[in-house]
**Q** 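Here's a structure for you.
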Amino acid sequence: MAMVELEKRVVLDQFFEEIFYFKEEGLPFFKSLVGGEWVELNGGELTVSSPLTGDAIAKVSKASQEDARMAAANAKKGFESIKETSIEERLGIMGRAAEFLAQRRDDFVGVLMAESGKSLKEAEGEVRNTIERLKLCASEINEMGGKFIQGVSSKPIYGKFAMVIREPLGVVLAVTPFNYPLFISANKVIPALLAGNAVVAKPSSGTPLSLLLFARIMEKAGLPRGALNVIVGEGSEVGDALVSSDDIDMISFTGSSKTGMRIVEMAGIKKLQLELGGKTPAIVLEDADLEMAAEKCVEGALKNSGQRCDAISRILVQESVAEAFLKKVVREVGWMSEGGGIGPLVNEEAVEKVKRLVKDAVVKNAEVVIAGACEGLMCSPTVLDKVPLTADIAWEETFGPVLTIIRFKDFDEAIRIANSSSYGLDASVFTSSLDKAWKAAKELENGAVTINDYPSHGIGIFPYGGIKDSGMGREGLGYTLREMSREKTIVFNFTKTDGRGEKWT
Ligand code: NAP
């Protein structure tokens, strides 16, 4: 049995043997999956480090630009095989993958904790969601069904009928971020394959291991050769080569708005699904259940140390209840910190960004209610009150454990502030008034509005996605499947009529 010790917590079994070997330094070296083979690529190697200790935990074969183009070309060949599989076969693969993943749950939990510094609870949740996602394929497959339209509405189409069928697109490029490295990647790979596409997947170079393990699961579950290709490489090096490749038919990207914009520039005419950044406002109105609002706002802001696109990143609280709300927030933050729910940030750059945003807000007269401190990548929560709208933290994505409280006088002002953001992913409203909830739902410029809870994309039973700089397209059960397939109209004419419906003689 091949044993790999990553941070002394992960032991990978023989199932994964083919995908890595040990290098001289004693670190496991992971290969990439291209054209149905686990191979070493030509771009050298990347070191994966634990955010908890800073220690190297693995090395990964790195793709060159030529490798990236080759992976896309191999996927094109893989498409020829997967598009011929029946839906029953694809569902069979997903079912077996769910079983294999459940059997190797501990390997995945360990790898997630090691590469992204997640707590045991968070890592277990991510693996559980991925298993659940695989199991739910059967419930969404009807979305691949077609439609029949009878030509009876006007003379020119009398006697004709059309079938609208749904087809796969070809090759889907899935590019994913560091914060949910297993689930977000799987949540693109699964529907892409289910729809009959081939895939090239590129994980974040900081957290590539869980996707490589997932690729092994999918391969063993019976995917046709070349249907799933996974390469690792820095986005700044291989990104353009992948995105601009003529072998790619669709790009499904989750990451920052800055990278999303680069993808838009480079892609040419390709279908795009972009899940980008956010600056989620939570509006707490004076008629809200403040106990619940404080609990939800704190959890919504601090889960995964605030490193979530849907994290509550601005709390807009009505002046008349601000003091009472703040007291409850402080108590909740204390409980959450004691409970050990706050893990490390992903890297030094993320820590520096949090420090910069907090410093800027304080210089501009925000009040520090709880002063967080950072030791290495571990940052304790900061609570800022009376944050002025001139502060950068009122507009920039924080991606760290900071509660940014902005006070407002009336509801219209809150909606104006919320909508002034360039982002439009999620928003929350806390109120006991149905009228106000409805007004907020209608007027807020976001892809989703959550009433009396924090936003949570979860496994996508409720669809999600952004507007404005937060992206385009929707992810979710059935929704992603539709995005990753296209409709084709086939018209049959069984009558001998001209364009005005007159009979030919
Ligand atoms: P990121 O820096 O934009 O990176 C995301 C992915 O894009 C990584 O795999 C990265 O590779 C790759 N990449 C970088 N430059 C590229 C290029 N020119 N062409 C193609 N790919 C390129 O984002 P992140 O820091 O990993 O993730 C955090 C961001 O993701 C936040 O803004 C967050 O809001 C967003 N997010 C959004 C959602 C949503 O559902 N809307 C969900 C989760 C996260 P490297 O790692 O090698 O640079």
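Residue numbers count from 1 along this sequence. Ligands are counted one by one from 1 in listed order, and the atoms in each one are counted from 1 as well.
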**Q** I'd like to check whether Ser256 has a polar contact with ligand 1, where a contact means an N/O of the residue lying under 3.5 Å from an N/O of the ligand.
**A**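 It does: an N or O of Ser256 is found under 3.5 Å from an N or O of ligand 1.
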**Q** So is Tyr180 touching ligand 1 or not, going by heavy atoms under 4.0 Å?
**A**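 Heavy atoms of Tyr180 never come under 4.0 Å of ligand 1.
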**Q** Any idea which protein heavy atom is nearest atom 21 (N) of ligand 1, and the distance to it?
**A**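 Result: Val175 CG1, 3.7 Å.
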**Q** Would you say Lys279 and Ser421 are linked by a side-chain donor-acceptor pair, where the criterion is simply a distance under 3.5 Å?
**A**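 There is no such pair between these side chains.
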**Q** Counting only nitrogen or oxygen atoms and a 3.5 angstrom limit, does Gly235 reach ligand 1?
**A**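 Yes; at least one N/O pair falls below 3.5 Å.
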**Q** At a non-hydrogen distance cut-off of under 4.0 Å, which region of Glu475 contacts ligand 1 (side chain, backbone, both, or neither)?
**A**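 It is neither; nothing of Glu475 touches ligand 1.
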**Q** Short list, please: which atoms of ligand 1 are under 4.0 Å from a heavy atom of Glu234?
**A**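 Per the distance check, 47 (O).
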**Q** Under a 4.0 angstrom heavy-atom cut-off, which atoms of ligand 1 come close to Gly233?
**A**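 Numbered from 1, ligand 1 contributes 47 (O).
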**Q** Against ligand 1, does Ser470 come closer than 4.0 Å with any heavy atom?
**A**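 Contact absent.
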**Q** Counting only heavy atoms from other residues, nucleotides and ligands, does the tally under 6.0 Å from NZ of Lys23 exceed 12?
**A**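 Yes, the 6.0 Å shell around NZ holds more than 12 heavy atoms from other groups.
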**Q** Is there any N or O on Thr254 that sits under 3.5 Å from an N or O of ligand 1?
**A**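 No.
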**Q** Checking the side chain of Ser428 only, and the main-chain atoms of Asp453 only, is there a donor and an acceptor separated by less than 3.5 Å?
**A**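 Yes: the side chain of Ser428 pairs with the backbone of Asp453.
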**Q** For Phe462, does the CZ atom sit with more than 12 other heavy atoms under 6.0 Å from it, leaving out its own atoms?
**A**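 Check fails, neighbour count at 12 or below.
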**Q** For atom 45 (P) of ligand 1, which protein heavy atom lies nearest, and how many Å away is it?
**A**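 Here the closest protein heavy atom is Ser205 OG, 3.2 Å.
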**Q** Does Arg128 reach the main-chain N or O of Ala123 with its side chain, forming a donor-acceptor pair under 3.5 Å?
**A**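 Absent.
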**Q** Just need the protein heavy atom nearest to atom 7 (O) of ligand 1, so name the residue and atom and give the distance.
**A**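 Protein heavy atom with the smallest distance to atom 7 (O) of ligand 1: Phe253 CE1, 3.2 Å.
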**Q** Taking distance alone, with N or O pairs closer than 3.5 Å, would you say Lys202 contacts ligand 1?
**A**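 Yes, at least one N or O pair falls under 3.5 Å.
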**Q** Of all the atoms in ligand 1, which lie at a distance below 4.0 Å from a heavy atom belonging to Ser204?
**A**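 In order of numbering, the contacting atoms are 8 (C), 9 (O), 46 (O).
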**Q** Nearest protein heavy atom to atom 38 (C) of ligand 1, by residue and atom, and its distance?
**A**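 Checked against all protein heavy atoms, atom 38 (C) of ligand 1 sits closest to Cys309 SG, 2.9 Å.
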**Q** Search all heavy atoms of Leu389 against all heavy atoms of Trp395 and return the closest pair with its distance.
**A**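 Smallest interatomic distance, heavy atoms only, reads O-NE1, 2.7 Å.
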**Q** Counting N and O atoms only, with roles assigned by atom type, does the side chain of Asp249 sit under 3.5 Å from a partner on the main chain of Val171, one being a donor and the other an acceptor?
**A**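 Checked: pair present.
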**Q** Can you spot which of Val402, Asp360, Ile406 makes a side chain to side chain contact (heavy atoms under 4.5 Å, CB included) with Ile393?
**A**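 Testing each of Val402, Asp360, Ile406 against Ile393, the sole residue satisfying side chain to side chain contact (heavy atoms under 4.5 Å, CB included) is Val402.
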**Q** Does ligand 1 have an atom that lies less than 4.0 angstrom from a heavy atom of Pro203?
**A**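 Yes.
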**Q** So if I count the atoms of ligand 1 from 1 in the order they appear, which ones are less than 4.0 Å from some heavy atom of Phe399?
**A**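 Matching atoms, with element in brackets: 28 (C), 31 (C), 33 (C), 34 (O).
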**Q** Check Leu425 against ligand 1 and report side chain, backbone, both or neither, counting heavy atoms closer than 4.0 Å.
**A**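 Near ligand 1, Leu425 shows its side chain, while the N, CA, C and O stay back.
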**Q** Enumerate the atoms of ligand 1 whose separation from the nearest heavy atom of Gly239 is less than 4.0 angstrom.
**A**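 The list of qualifying atoms is 17 (C), 19 (N), 20 (C).
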**Q** Are Tyr21 and Glu40 linked by a side-chain donor-acceptor pair shorter than 3.5 Å?
**A**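 Side chains of Tyr21 and Glu40: pair found under 3.5 Å.
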**Q** What residue and atom, counting heavy atoms only, is the protein's closest point to atom 34 (O) of ligand 1, and at what distance?
**A**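 Sorting protein heavy atoms by distance from atom 34 (O) of ligand 1 puts Glu397 OE2, 2.4 Å first.
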**Q** Nearest non-hydrogen atom to atom 41 (N) of ligand 1 belongs to which of Thr259, Val346, Val238, Leu276?
**A**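 Nearest option to atom 41 (N) of ligand 1, by heavy atoms: Leu276.
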**Q** Where is the tightest heavy-atom contact between Ser61 and Ser32, given as atom of each residue plus distance?
**A**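 Where Ser61 meets Ser32 most closely, the heavy atoms are O-OG, 3.8 Å.
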**Q** Record the part of Ile184 in heavy-atom contact with ligand 1 below 4.0 Å; permitted values are side chain, backbone, both and neither.
**A**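 Answer for Ile184: side chain.
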**Q** Among all protein heavy atoms, pick the one closest to atom 35 (C) of ligand 1 and tell me residue, atom and distance.
**A**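 Result for atom 35 (C) of ligand 1: Gly255 O, 3.2 Å.
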**Q** Just distances here: any N/O of Asn179 and N/O of ligand 1 closer than 3.5 Å?
**A**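 Between Asn179 and ligand 1, no N or O pair is found under 3.5 Å apart.
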**Q** Looking at Thr390, is its backbone amide N or carbonyl O close enough to the side chain of Lys364 to form a donor-acceptor pair, meaning the two atoms are under 3.5 Å apart?
**A**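 Yes, Lys364 side chain to Thr390 backbone: donor-acceptor pair under 3.5 Å.
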**Q** Identify the protein heavy atom lying closest to atom 9 (O) of ligand 1, giving its residue, its atom name and the separation to 0.1 Å.
**A**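 Scanning the protein heavy atoms, the shortest distance from atom 9 (O) of ligand 1 goes to Thr176 O, 2.8 Å.
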**Q** Could you label the plane-to-plane angle of the His457 and Tyr464 rings as parallel, tilted or perpendicular, counting under 30° as parallel and over 60° as perpendicular?
**A**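 Answer is parallel, since the angle falls under 30°.
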**Q** Provide, to 0.1 Å, the distance between atom 24 (P) of ligand 1 and the closest protein heavy atom, together with that atom's residue and name.
**A**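 Checked against all protein heavy atoms, atom 24 (P) of ligand 1 sits closest to Phe178 CD2, 3.7 Å.
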**Q** Distance from Leu444 atom CG to Asp426 atom CG, nearest 0.5 Å?
**A**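 It comes to 11.0 Å.
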**Q** With a heavy-atom distance limit of 4.0 Å, tell me whether Arg262 approaches ligand 1 through its side chain, its backbone, both, or neither.
**A**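 The answer is the side chain of Arg262.
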**Q** Would you please say whether a donor-acceptor pair under 3.5 Å links the side chains of Thr254 and Glu275?
**A**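 Side chains of Thr254 and Glu275: no pair found under 3.5 Å.
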**Q** For the residue pair Gly117 and Leu52, what are the closest heavy atoms and their distance?
**A**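 Taking Gly117 first and Leu52 second, the nearest heavy atoms are CA-CG, 4.0 Å.
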